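Shown next, in structure tokens, is the structure this report addresses.
The structure displayed is predicted, hence computed values, not measured ones. Just so you know, ligand 1 is whichever comes first in the structure, and atom 1 is the first atom listed for that ligand.
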Amino acid sequence: MKAIAFRGVHDVRVESIADPRIVEPTDAVVRITTSAVCGSDLHQYHGRVPGIEPGAILGHEFMGVVEEVGREVRAVSKGDRVVAPFSISCGRCEWCRRGLPTQCSTTGRAVFGGRFGKQYPGAQAERIRVPFADFMCEKISSDMSDEQALFLGDILSTGYACAENGGIRPGDSVAVFGCGPVGLLALQSAHLFGPARIFAVDRVDYRLKLAEELGATPVNLDKGDPVEQLRRVTGGSGPDVALEAVGHEVPFAQAIQAVRAGGTVSSVGVYVEQSIGFPAREAFFKDLTLKMGICNARNYIVPLMPLVQVGKLQPARIITHTLPLGDAPRGYKIFDQKEDRAIKVLLKP
Ligand code: NAD
Ligand code: ZN
């Protein structure tokens, strides 16, 4: 089958590899109908993820149709349309039972196409082996398109978790740092918690424009210090809540500096560095609440699905490109370089 392999910095290639097969009796093999390029794939593309080997198959956002199941799989069967979370979890270990499937000790916190724990090939491919299929696979009803369902496994759940962790209360002002796919879905999700105003920070004009269409006031980084700009538009105090969806120390620090005393910073950007500097003293004296982390997307797939079905969340609005899988190298390039007004790039095998 065709799959997208990492070959070096800014070098991903379409390669021919063996089809996946059932290895464990709890596996399923899924024929992928749609996958995508995630901001997290860009960290690998930039060569910033330690341990990534040339030839690794990338990608962790996918949905598709079950093609084959192992003999112990009960919850799904051949022909079912399913979505799965980006992280791989057994559903049975202590961490999974505590509601933290991303910490699964059976897989060692594995992610499809990732470099932690056990290594599982990624989802930018024609097929994928999904371990622990009973826990991992969620059936999608036929009234949902791939475009509506796909992001439940990663960026919609992550954006929602970011907003939820912000503890937004009715009437609050919220600043979203980063108008990439994750930030835009955090913005959409933030509306569900009843804020009075949402500000969206980025420097890419067409991304700010979509943020505006989604109900935010744009704050352009290139028009001055975003901390000052946010203070000015919030009567001097700063927003109640900042949602960080970039994954760099600069916006994390800016979020801490911008938010009002007693406010909350919720961060979902992935920090590939071991440690980052941040204004701890300011966070301390302002009495902030800080929340960060990888998203336990499995926990959100079921509760968010009806919100998508009734249109209260419209994840498909961020899709700008749908390319054949074979065009993935171009998909990475335009998403990374922000060419051709790219926001979210889908890949169709
Ligand atoms: P992206 O790279 O398209 O988005 C980042 C956006 O931030 C860009 O539009 C960029 O212009 C903007 N930006 C850069 N510096 C900024 C600053 N100082 N202030 C405000 N905006 C700034 O990627 P994405 O797909 O939206 O992903 C965003 C982050 O979320 C990545 O770090 C990704 O790894 C992470 N992520 C985390 C999880 C999780 O489980 N926590 C899941 C998915 C993605
Ligand atoms: Zn992702």
Side-chain angles (χ1 to χ4, degrees), residues 35-46 48-49 58-62 85-87 100-103 109 111-114 116 122-124 150-162 165 175-187 199-211 216 218-223 225-227 229-230 242-258 266-273 276 291-300 315 318-320 331-332 334-339 341-345:
S35 66
V37 187
C38 179
S40 301
D41 299 326
L42 292 182
H43 304 313
Q44 295 176 318
Y45 187 67
H46 295 152
R48 294 173 70 214
V49 176
L58 301 174
H60 53 266
E61 290 180 284
F62 67 98
F86 66 87
S87 69
L100 294 169
T102 55
Q103 310 302 315
R109 303 199 282 183
V111 170
F112 289 108
F116 300 112
Q124 288 158 9
L150 171 69
F151 302 148
L152 288 165
D154 185 353
I155 58 169
L156 178 59
S157 293
T158 300
Y160 183 90
C162 185
N165 289 339
V176 182
F177 284 79
C179 298
V182 174
L184 291 168
L185 293 179
L187 189 175
F199 303 96
V201 187
D202 206 302
R203 60 163 49 85
V204 181
D205 56 352
Y206 68 86
R207 293 185 172 202
L208 285 168
K209 185 158 176 297
L210 181 55
V219 172
N220 192 325
L221 283 170
D222 290 339
K223 293 196 175 146
D225 178 7
V227 177
Q229 293 192 65
L230 286 168
L243 308 179
E244 188 280 338
V246 186
H248 289 289
E249 72 177 8
V250 171
F252 187 59
Q254 288 167 337
I256 288 171
Q257 289 159 344
S266 166
S267 169
V268 291
V270 172
Y271 301 94
V272 287
E273 301 80 8
I276 60 164
K291 180 78 178 78
M292 59 166 36
I294 186 167
C295 178
N296 287 286
R298 185 68 189 93
N299 300 348
Y300 290 91
I318 66 165
I319 299 167
T320 52
Y332 270 84
I334 60 173
F335 179 46
D336 179 42
Q337 298 295 313
K338 302 179 180 67
E339 290 170 3
R341 302 175 78 79
I343 299 180
K344 189 69 183 179
V345 178

For [atom], what's the nearest protein heavy-atom neighbour? Residue, atom name and distance, please.
atom                    : answer
atom 37 (C) of ligand 1 : Val268 O, 2.9 Å
atom 43 (C) of ligand 1 : Asp154 OD1, 3.2 Å
atom 3 (O) of ligand 1  : Arg207 NH1, 2.8 Å
atom 19 (N) of ligand 1 : Leu221 CD1, 3.6 Å
atom 9 (O) of ligand 1  : Asp202 OD2, 2.7 Å
atom 25 (O) of ligand 1 : Gly39 N, 3.0 Å
atom 5 (C) of ligand 1  : Ala245 O, 4.0 Å
atom 38 (C) of ligand 1 : Thr158 CG2, 3.5 Å

Task: Glu61/Lys344 salt bridge by N-O under 4.0 Å criterion - done: yes

Task: Under-4.0 Å salt bridge between Asp202 and Arg207 - done: no

Task: Residue portion contacting ligand 1 (non-hydrogen atoms closer than 4.0 Å) for Ile343 - done: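 Contact part for Ile343 vs ligand 1: neither.
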
Open item on the list: I need the contact type for His248 against ligand 1. Using non-hydrogen atoms and a strict under-4.0 Å cut-off, is it side chain, backbone, both or neither?
Closed with: neither

Looking only at non-hydrogen atoms, which of [options] approaches [atom] most closely?
atom                    : options                        : answer
atom 24 (P) of ligand 1 : Pro226, Ala297, Pro181         : Pro181
atom 22 (C) of ligand 1 : Val246, Leu208, Leu42          : Val246
atom 4 (O) of ligand 1  : Ala253, Gly247, Gly180, Pro251 : Gly180

Enumerate the atoms of ligand 1 whose separation from the nearest heavy atom of [X] is less than 4.0 angstrom.
X      : result
Phe335 : 3 (O), 25 (O)
Gly178 : 7 (O), 20 (C), 21 (N)
Cys295 : 39 (C), 40 (O), 41 (N)
Val204 : 11 (O)
Phe86  : 40 (O)

TODO: Would you please indicate yes or no on a ring centroid separation below 6.0 angstrom for Phe62 and Phe112?
DONE: yes

Short N or O distance, [X] and ligand 1, threshold 3.5 Å exclusive:
X      : result
Val270 : yes
Ser40  : yes
Val182 : yes
Val250 : no

- [ ] Start with the C-alpha distance between Gln44 and Tyr332, add both sets of side-chain angles, then the distance that settles side chain to side chain donor-acceptor pair (under 3.5 Å), and finish with yes or no.
- [x] CA-CA 11 Å; Gln44 295 176 318; Tyr332 270 84; 5.7 Å; no

Say whether [X] and ligand 1 are in contact under the criterion: heavy-atom distance to a ligand atom below 4.0 Å.
X      : result
Tyr271 : no
Lys338 : yes
Gly293 : yes

Task: Check: Gly153 main-chain N/O paired with Ser157 side-chain donor or acceptor under 3.5 Å - done: no

Task: Heavy-atom donor-acceptor pair, Thr158 side chain to Cys295 backbone, under 3.5 Å - done: no

Task: Contacts of type ring-ring contact (aromatic ring centres under 6.0 Å, His included), residue Tyr271, not counting sequence neighbours - done: Phe252

TODO: Report yes if the side chains of Tyr300 and Leu156 come closer than 4.5 Å at any heavy-atom pair, otherwise no.
DONE: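 Not in contact.
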
Task: Residue-atom pairs from the protein, N, O or S only, that lie under 2.8 Å from the Zn ion (ligand 2) - done: Cys38 SG, His60 NE2, Asp154 OD2

